[in-house]
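Heads up, the thing below is written out as structure tokens.
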Amino acid sequence: MTVLIELPDGSSLKYHKAVTPACVAADISPRLAQAALAAEVDGQPTDLTAELTQGSHRLRILTDRDEQSLQVLRHTVAHVLAQAMRRLYGREVQYTIGPPLTDDFQYGFYYDFDLPKPLGAEDLEKVEQEMRKIVAEDIPIRRTELPVEQARKRFAELGQQYKVEMIDDRARQEGLSTVSLYEQGDFLDLCRGPHLPSTGKVKVFKLLSVAGAYWRGDEARQMLTRVYGVAFFDKKQLDEHLQRIEEARKRDHRVLGRQLGLFLLSDEVGPGLPLWLPRGAIVRHELESWLRGELVKRGYQMVVTPHIGKLGLYRTSGHYPYYKESQFPPILTGTSAEGQEQGYLLKPMNCPHHVQIYKSTQRSYRELPLRLAEFGTVYRFEQSGELTGLTRVRGYCCDDAHIFCTPQQLESELESCVGLVELVLGTLELRDYRVRIGLRGPDSSKYVGEPRNWDLAEANIRSVVSALGMNFTEEPDEAAFYGPKIDFIVKDCLGREWQLGTIQVDYNIPERFGLEYVGADNAVHRPVMIHRAPFGSLERFIGILIEHFGGAFPLWLSPVQLAVLPVSEKFNDYAAEVAGSAGSAGLRVENDDTPDKIAAKIRRWTLQKVPYLLIVGAREAGARSVSVRRRGVGEVGSFPLAEAVQALREEVNSRGARAAFCKT
RNA sequence: GCUGCUGUAGCUCAGUGGUAGAGCGCGUCCUUGGUAAGGACGAGGUCAUGGGUUCAACCCCCAUCAGCAGCUCCA
């Protein structure tokens, strides 16, 4: 037998019997053998104890300096967690799955357990202690392959029903005849691996939270107890990680919303029904009026429609009764002669109203595309456990528009919608987003209309995104009930994903409402609809925006753009004059004439993240100037009052593209 | 909706089976100060709500409501 091992540096080693990566590491150097945690064989992550037989293999020994090792470490810590749970709570613990997590902002791994009694946060401390013992015991971790039947029997003997189920499924679905098991002392798990060679290689870890999770993600099945944790190779990395989470929590829009007086969620009003405070309303109004201007430039026409509509309207559209449980209960006014309930619904979407505007008159192809836009508030009865701050609410304002066009116009309209979303995200510096194409799923009862319409709409979307060269992923079962969509998705401060902008192609609603236009051929045709919202929801968008800027909005969006701070009350008159002059120039200004010292005033307005502070004292009053202090920069010098106001105006008008008082 | 945790002053949070405390904020007064906290005094709480246990509950138990983390859902 000849085993040829090629190493990353280009050198190679030859053996005449099967070897393991651990042996190779030992042959290279004792230090490497000591540092080795796992290996990569021909690009595949592998245990150090894997046998390499006849032939040539590319081998890389992984140490704590390799990215992939962290995954292996976390996977092993998950096993240590399960072993600790087993030791503490005995045979009654059913352990299910416990993978490492990639790309999760907070957590590094989890393990799901079925427990006879609940696990509280305070129990985590005990579990951690037991885990430390297991690490101290330095138990070797062994991989074995067993025939399915034998593995099944071993887990059945251990009373691990979930593992038995997993083995059965895997044997059935993947046709496997053997499965791999990992064993460390008294603990046995079904696992693909790879793992560290022994529990002693685990260094620092921390259990972070306990939560519920359905077995196999199915809410009809058992609710399991999920324990989340994180692990690193050294303490410093863990500390930095925890620090990062803490910093992220300070950016949380719910925290900043209170500190900066932007919005309020009141128990009296109801969950998921935010109230916009004066300062938050300014941000919202600025965004609205900016976008309205962009829409009008692009040939949109603004419309206004009421917050409710008759049930019949939503029966036609398909919103009611198919999505009954996610709507506020209808306002019932009676029963029709045929026994059908009659009444009104808080609108879950604006499209049925806009469709009525389209239908209000006979349409000619010459009017198309007809673009009807509205900042329309919609209401959805989201499940109570889903509500969070501004990002998931029960009543929100959609920057909605419906474009009615001919099939020939559709793709160019879609392209310009994409352009608009990109303008919105770009202007607000939200560059870290991904694009998802939401397609039909396998369950046809969730979607209205003929497959022919869907095929067409999906083809339109693919054609547009590929023409524009966009990066995207296609995801089945993410479509709207009437059509496929292009969604723009961003992450919040804790790495959770949220859909903002959306563009949807719809051949079905026009059909359900019997929409028509007269073509150049004097025949009647059916228009196509685009539903699109570049912000998506003003509430969610601003929630994300608050976190993105950490509350430090660009000047044009800042609720308070500048504060005038007199050095003492002797200069209150001049300060009032400065504030007045900025105010008449259309700047949002506060004059801080409290009796506090200047340092205290600076601190107060800095914490409020006001972009510019204008400090005035004897020197400034004499020279009719202001001393400018810029957020995040500090003092930038004194400028004549008129000049300063002019510079600030220009920064506002540029929407952040040009900063005033920049040192060149 | 489900699992777990949490709910004390406007905010952030201490606290005890014997009817409550700090810091910040707020008010008044003193100070008139030059680039991130000047000082003094004061007001402010049915300890989420409703039941129960107890001589006695903010504290223990149950329910409800709300928030947080996660799961599920999201037209």
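Throughout, protein chains are lettered first and strands after them, A, B, ... in sequence-line order, and every chain is numbered starting at 1.
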* Who are the salt bridge (Lys or Arg N to Asp or Glu O under 4.0 Å) partners of A:Arg619, not counting sequence neighbours? -> none

Which whole number of Å gives the distance between the [atom1] atom of [N] and that of [M]?
N: B:G10; M: B:A69; atom1: P; answer: 24 Å
N: B:G27; M: B:C65; atom1: P; answer: 38 Å
N: B:C5; M: B:G23; atom1: P; answer: 33 Å

* To do: Within residues 488-515 of chain A, find the residues that approach RNA chain B with a heavy atom at under 4.0 Å, and present them sorted by residue number.
  => A:Arg496

Considering only heavy atoms and no angle criterion, is a donor-acceptor pair shorter than 3.5 Å present between the side chain of [X] and the base of [N]?
X: A:Arg392; N: B:C73; answer: yes
X: A:Tyr214; N: B:G1; answer: yes
X: A:Glu122; N: B:G4; answer: no
X: A:Arg254; N: B:C68; answer: no

* Short side-chain donor-acceptor distance under 3.5 Å, A:Arg380 and A:Tyr396 -> yes

* Before giving the answer on side chain to side chain contact (heavy atoms under 4.5 Å, CB included), spell out for A:Arg532 and A:Thr502 the whole-Å C-alpha distance, their side-chain angles and the decisive distance to 0.1 Å. => CA-CA 6 Å; A:Arg532 39 97 292 166; A:Thr502 182; over 6 Å; no

* Structure fact -> Base-pair string, RNA chain B, Watson-Crick plus G-U, cut-off 3.5 Å on both distances, | for inter-strand, is (((((((..((((....[..)))).(((((.......))))).....(((((..]....))))))))))))....

* **Proximity of A:Phe639 and A:Phe661 rings by center, below 6.0 Å** => yes

